[in-house]
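Okay, so here's the structure we're looking at.
Chain A is the first sequence line, chain B the second, and so forth, proteins listed ahead of strands; every chain is numbered from 1. In this text the structure is predicted, and so the values were computed from the model without any measurement.
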Number of protein chains: 2
Amino acid sequence: METTTDNQKVRITKKLEKMFGHIDYKNPPELCPVRDVMSVASDQWSVLIILWLGYFETLRFNKLKKFVYGISNKVLSQRLKVLEADGYLSRKAYAEVPIRVEYSLTEFGHSYVEKLLELTEWMQMNSPKVMENREKYGLI
Amino acid sequence: METTTDNQKVRITKKLEKMFGHIDYKNPPELCPVRDVMSVASDQWSVLIILWLGYFETLRFNKLKKFVYGISNKVLSQRLKVLEADGYLSRKAYAEVPIRVEYSLTEFGHSYVEKLLELTEWMQMNSPKVMENREKYGLI
DNA sequence: AAGAGTAAGTTACAAAAAGTAACCATATGA
DNA sequence: TCATATGGTTACTTTTTGTAACTTACTCTT
C-alpha cells in the first residue's frame with residue numbers, strides 16, 4: 001500500500017488550511033454553495049450518468065438507463081434535469097415519432113469527468129482494501 | 001474557463017475505456033463493490049467528516065458535530081460507524097467520566113483525503129459557474 | 001443540597017427521498 | 001391485432017433522514 005509521506009502531509013495540511021482556515025463554525029452560513037454543488041455532482045447516480053456520457057459522447061434515455069443499471073425512470077429523469085440545470089449536460093429533443101432525445105456532456109461536463117475519473121480510479125484500486133476492512137470489522 | 005484539449009480527451013477516453021470497456025450491461029452484477037465503496041466515501045456528510053478530521057488530526061464527537069454543521073447526532077454516529085468499518089477512521093474511547101471518545105483518520109483515511117481534496121478544490125473553483133448555470137436555466 | 005451542564009450517543013416519531021410498477025400517446029412491425 | 005418502442009409521468013410503498021427528547025453518571029454553580 002502507498003503510504004503518505006511527510007512532504008505530502010504538509011502539502012495536504014496547507015490545502016486544508018486554505019479550505020477550512022477561514023470558516024467560522026460558530027456562525028455557519030445557512031447555505032453553502034460548495035456543499036450544494038457537490039451534493040449534486042458527487043451523488044451516486046449522477047456520477048454514473050456523467051461517466052457513461054463521457055464514454056459514449058451521446059446517449060438516449062433508455063440506453064443510458066441500461067448502462068446505469070439499477071436506476072429507475074423517475075430518478076434518472078430527475079437527475080438528468082438537475083445535471084442539465086447545473087450545466088454538466090445538454091438535452092436535445094428531435095421532433096420525430098416516437099420522439100428521440102439525446103443527452104451529451106457539455107464542455108463543462110467533460111472537464112468534470114476528468115476530475116471524477118481520478119476519484120473513481122482511486123475507488124477501483126482501493127475497494128478491495130475497503131471490503132477487507134469491512135469484513136475484519138464485522139468479526140470483531 | 002479551462003477547456004479540455006484534444007490530447008486530454010484522448011487520455012480520458014482511454015481511462016473510461018479501461019473502466020467501462022469490459023462491463024456487460026446486459027448482465028449487470030447484482031452488486032458492484034466499487035459502487036458500494038464509493039457511495040459511502042463520497043456521501044455528502046462522509047466527505048465533510050473526513051476533511052475536518054484531516055484538518056484537525058483528532059476530534060471528539062461534539063466538536064466534529066460543530067464543524068460539520070447541520071449534521072444530526074443520529075447521522076453523525078451512523079456515518080462514523082460506517083467510516084470506521086470501511087477503514088477510513090479509528091475510534092478511541094477513554095474510560096473517563098464523562099467518557100471521552102476521539103476520532104482520527106487512519107493512514108488509509110489520510111490517503112483518501114488527498115484524492116478528496118482535489119475534488120473539493122474543483123468544486124470550490126467551479127461552484128460559482130454552476131450557480132450561474134442554475135440561474136440561467138431557471139429563467140428559460 | 002438542588003439544579004444545570006457535559007459527555008457520547010440512542011430512541012421514537014415525522015418528513016423527505018427513493019424505489020416500484022402501471023400508465024400516457026403514437027407509430028411501427030409481426 | 002397484439003406486442004414493442006419512444007421518453008418520460010404518476011400514484012403508492014418502502015427506505016432514509018431529520019427532529020427533538022432522553023440516557024447515565026459525574027462535576028460545577030448557586
Side-chain angles (χ1 to χ4, degrees), chain A residues 25-26 28 30-32 35-36 38-49 52-53 56 58-86 89-104 137, chain B residues 25-26 28-32 35-49 52-53 56 58-86 89-104 137:
Chain A
Y25 71 92
K26 285 179 184 171
E30 60 296 332
L31 53 89
C32 165
R35 273 195 190 189
D36 186 358
M38 185 133 174
S39 74
V40 169
S42 77
D43 163 81
Q44 185 189 177
W45 296 122
S46 300
V47 165
L48 292 168
I49 291 167
W52 279 112
L53 282 177
F56 282 110
T58 180
L59 281 170
R60 296 170 66 176
F61 190 90
N62 283 311
K63 210 75 178 167
L64 196 45
K65 197 190 158 186
K66 283 192 184 87
F67 289 107
V68 184
Y69 61 87
I71 197 169
S72 64
N73 286 11
K74 190 177 117 181
V75 172
L76 178 54
S77 88
Q78 190 221 91
R79 288 293 188 286
L80 286 171
K81 275 177 199 157
V82 174
L83 291 173
E84 191 192 358
D86 280 12
L89 55 86
S90 66
R91 177 187 188 276
K92 272 175 212 145
Y94 298 86
E96 299 171 6
V97 172
I99 191 172
R100 180 162 58 97
V101 179
E102 292 186 346
Y103 292 94
S104 50
Y137 189 83
Chain B
Y25 71 92
K26 285 178 184 172
E30 61 296 331
L31 53 89
C32 165
R35 272 194 191 190
D36 185 358
V37 168
M38 183 131 173
S39 74
V40 169
S42 76
D43 162 82
Q44 185 189 176
W45 295 122
S46 301
V47 166
L48 291 169
I49 290 167
W52 280 112
L53 282 176
F56 281 111
T58 180
L59 281 170
R60 299 169 66 174
F61 189 90
N62 283 312
K63 210 75 179 164
L64 196 46
K65 199 190 157 187
K66 284 193 184 87
F67 287 108
V68 185
Y69 61 87
I71 198 171
S72 64
N73 285 11
K74 192 178 120 182
V75 172
L76 178 54
S77 91
Q78 189 221 92
R79 289 293 186 286
L80 287 170
K81 274 178 198 158
V82 174
L83 291 172
E84 189 192 0
D86 279 11
L89 54 86
S90 65
R91 177 187 189 278
K92 272 175 213 144
Y94 298 87
E96 300 174 2
V97 173
I99 192 174
R100 180 162 58 100
V101 180
E102 292 187 345
Y103 293 94
S104 49
Y137 189 83

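- Rounded to whole Å, the distance from CZ on A:R100 to C1' on D:dT6 is 12 Å.
- A donor-acceptor distance shorter than 3.5 angstrom exists from the side chain of A:S42 to the backbone of A:M38, with no hydrogens or angles considered.
- Using a 4.0 Å heavy-atom criterion, one finds that A:Y103 contacts the sugar-phosphate atoms exclusively.
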Checklist entry - Once each nucleotide of nucleotides 24-30 of chain C is scored for protein heavy atoms under 4.0 Å, what B/S/- sequence comes out, 5' to 3'? => result ---S---
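- Straight-line distance from the NZ atom of A:K74 to the P atom of C:dA16: 14 Å, rounded to whole Å.
- Between A:Y69 and B:Y25, the ring center distance fails the sub-6.0 Å criterion.
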Next on the checklist: Is there a side chain to side chain contact (heavy atoms under 4.5 Å, CB included) between A:I99 and A:Y94? Walk through the geometry before answering.
Outcome noted: CA-CA 6 Å; A:I99 191 172; A:Y94 298 86; over 6 Å; no
Checklist entry - Does the side chain to side chain contact (heavy atoms under 4.5 Å, CB included) test come out yes or no for A:V101 and A:R91, once each step is laid out? => result CA-CA 7 Å; A:V101 179; A:R91 177 187 188 276; 3.7 Å; yes
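- In this entry the distance linking NZ of A:K66 with P of D:dG8 reads 14 Å, nearest Å.
- In the set D:dG8, D:dT6, D:dG18, the nucleotide with an atom closest to the side chain of B:V75 is D:dG18.
- Side-chain contact between B:D36 and B:L31 is absent, with no heavy-atom pair separated by less than 4.5 Å.
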Checklist entry - Between B:Y103 and B:L89, does a side chain to side chain contact (heavy atoms under 4.5 Å, CB included) hold up when you go through it step by step? => result CA-CA 7 Å; B:Y103 293 94; B:L89 54 86; 3.9 Å; yes
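- As a whole-Å value, the separation of A:L80 CG from C:dA18 P is 14 Å.
- Atom CD1 in B:I99 sits about 8 Å away from atom P in C:dA8, given to the nearest Å.
- Rounded to an integer number of Å, the gap from CD of A:Q44 to P of C:dG19 is 8 Å.
- No side-chain heavy atom of A:L64 sits under 4.5 Å from any side-chain heavy atom of A:F61.
- Nucleic acid contact class of B:K81 (heavy atoms, under 4.0 Å, all strands): sugar-phosphate only.
- Distances shown here put every side-chain N or O of A:S72 at or beyond 4.0 Å from the OP1 or OP2 atom of C:dA21.
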What donor-acceptor contacts under 3.5 angstrom involve side-chain atoms of residues 70-86 of chain B, with partners at least two apart or in another chain?
{"residue": "B:S72", "atom": "OG", "partner": "B:V75", "partner atom": "N", "Å": "3.3"}
{"residue": "B:N73", "atom": "OD1", "partner": "B:K65", "partner atom": "NZ", "Å": "2.7"}
{"residue": "B:S77", "atom": "OG", "partner": "B:K74", "partner atom": "O", "Å": "3.4"}
{"residue": "B:R79", "atom": "NE", "partner": "B:D43", "partner atom": "OD2", "Å": "2.9"}
{"residue": "B:R79", "atom": "NH2", "partner": "B:D43", "partner atom": "OD1", "Å": "3.2"}
{"residue": "B:E84", "atom": "OE1", "partner": "A:Y137", "partner atom": "OH", "Å": "3.3"}
{"residue": "B:D86", "atom": "OD1", "partner": "A:R134", "partner atom": "NE", "Å": "2.7"}
{"residue": "B:D86", "atom": "OD1", "partner": "A:R134", "partner atom": "NH2", "Å": "3.4"}
{"residue": "B:D86", "atom": "OD2", "partner": "A:R134", "partner atom": "NH2", "Å": "2.9"}

Would you tabulate the pairs of protein nitrogen or oxygen atoms and nucleotide nitrogen or oxygen atoms of nucleotides 21-23 of chain D closer than 3.5 angstrom?
none

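- Side-chain N/O atoms of A:R60 include none lying less than 4.0 angstrom from OP1 or OP2 on D:dT6.
- Between A:K92 and A:T58 the shortest side-chain heavy-atom distance does not fall below 4.5 Å.
- One interatomic measurement links the two molecules: CG of A:L59 to P of D:dG7, which rounds to 11 Å at whole-angstrom precision.
- When the side-chain nitrogen and oxygen atoms of A:W45 are compared with OP1 and OP2 of C:dG19, one or more of them lie within a distance under 4.0 Å.
- No engagement by B:K65 is indicated, since no non-hydrogen atom pair under 4.0 Å with the nucleic acid exists.
- Note: A:K63 NZ to A:F56 CZ = 8.0 Å, rounded to the nearest 0.5 Å.
- To the nearest angstrom, C1' of C:dG9 lies 18 Å from NZ of B:K63.
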